[in-house]
Amino acid sequence: MDPAQLAEVLSGPVLEVAPRLLGARLHHAGVTLRLTEVEAYAGSDDPGSHAYRGRTPRTEVMFGPPGRLYCYFTYGMHTCCNVVTGTEGTASAVLLRAGEVVDGLDLARARRPRSSDRDLARGPARLCSALAITLGENGADLATGEVRLELGDPVTAYETGPRVGLRGAPERPWRFWVPGDPTVSAYRPAAPLRRAPR
DNA sequence: CCGCTGATATTCT
DNA sequence: GAATATCAGCGGG
């Protein structure tokens, strides 16, 4: 995808960019993913964001220009990754929570030998594991670097619900996913399920 | 399918 | 020192 066009889309408001990433292709180290679930983080206005308390060595990349990868290490053993969005200085980003492996299936299976195909990239840390994304990829340029992002046509429909695993701001429905897709992570229920009307 | 629990080290207070 | 944008393995239904 044209680097200028990618930067143009990613520089928009994070709540518009996040659903735009659904259906996009993420490519690294021989595996390609179709993204099915993401979460928006809005920087300094957002208690749930790593950048809420300002600039630190870890969050430096979030404050930089859009179109780069923000990777972080958590729970003592897992790496997760985000797409940095918005204008430089805003520290907004979109966490990549899940996807479907559409190419490089054998490689992804080798990296996650105990997972079913459905679970290969179902969850933010699993996603990085399947794609072999580590802290070494922090700051990578998604238009021209080894980790590449290619936007597709916007999905025709998506659903939203509360973000997963947060203490600070669980009330914001900033998680976006492709309705009915089996690769969407189900660690915590999405929106409270409404009983079908009788 | 569901819920519970231990593992583990970086990050910031 | 405490908390953590998680996951795999286990046991029960």
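Only heavy atoms go into these numbers, but all of them, side chains included; no hydrogens, no water, no symmetry mates. Protein chains get the first letters and strands the later ones, always in sequence-line order, with residue 1 at the start of each.
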Margin query: I'd like to know if the side chain of R172(A) and the backbone of R163(A) have a donor-acceptor N/O pair within less than 3.5 Å.
Written below: no

Could you check which of [options] has an atom nearest any side-chain atom of [X]?
X	options	answer
N82(A)	dA5(C), dC7(C), dA8(C)	dA5(C)
P57(A)	dT6(C), dA5(C), dC12(B)	dC12(B)
R118(A)	dC7(C), dA5(C), dC1(B)	dC1(B)
F73(A)	dT10(B), dC12(B), dA5(C)	dT10(B)
R58(A)	dC7(C), dT4(C), dC12(B)	dC12(B)
T56(A)	dT6(C), dA5(C), dC12(B)	dC12(B)

[atom1] of [X] versus [atom2] of [N]: gap in Å, rounded?
X	N	atom1	atom2	result
E37(A)	dT6(C)	CD	P	10 Å
M77(A)	dA7(B)	CE	P	9 Å
Y52(A)	dC12(B)	OH	P	16 Å
E60(A)	dC12(B)	CD	P	11 Å
R111(A)	dC7(C)	CZ	P	17 Å
L135(A)	dT10(B)	CG	C1'	9 Å
Y72(A)	dT11(B)	OH	P	13 Å
R112(A)	dG9(C)	CZ	C1'	13 Å

If you compare every side-chain N and O of [X] against the phosphate oxygens of [N] (OP1, OP2), does one of them come in below 4.0 Å?
X	N	result
H50(A)	dA5(C)	yes
R53(A)	dC12(B)	no
R122(A)	dC7(C)	no

Checklist line | Salt-bridge contact E37(A)-R97(A) (side-chain N to carboxylate O under 4.0 Å) | finding: yes

Check: If pairing requires Watson-Crick or G-U wobble contacts with both distances under 3.5 Å, which nucleotide is the partner of dG12(C)?
Finding: dC1(B)

Next item on the list: Give none if dA5(C) has no partner; otherwise give the nucleotide forming a Watson-Crick or G-U wobble pair with it, both distances under 3.5 Å.
Entry: none

Note to self: By the definition side chain to side chain contact (heavy atoms under 4.5 Å, CB included), identify the one residue from T74(A), V38(A), V164(A), L95(A) that meets it with P124(A).
What the structure shows: L95(A)

Notebook entry, point to check: Going by distance alone, is a donor N or O of one side chain under 3.5 Å from an acceptor N or O of the other, for H27(A) and T32(A)?
Noted result: yes

Item checked: Centroid separation Y72(A) to H50(A) less than 6.0 Å -> yes

Notebook entry, point to check: Going by ring centres under 5.5 Å and near-parallel planes (under 30°), is Y75(A) stacked on dC7(C)?
Noted result: no

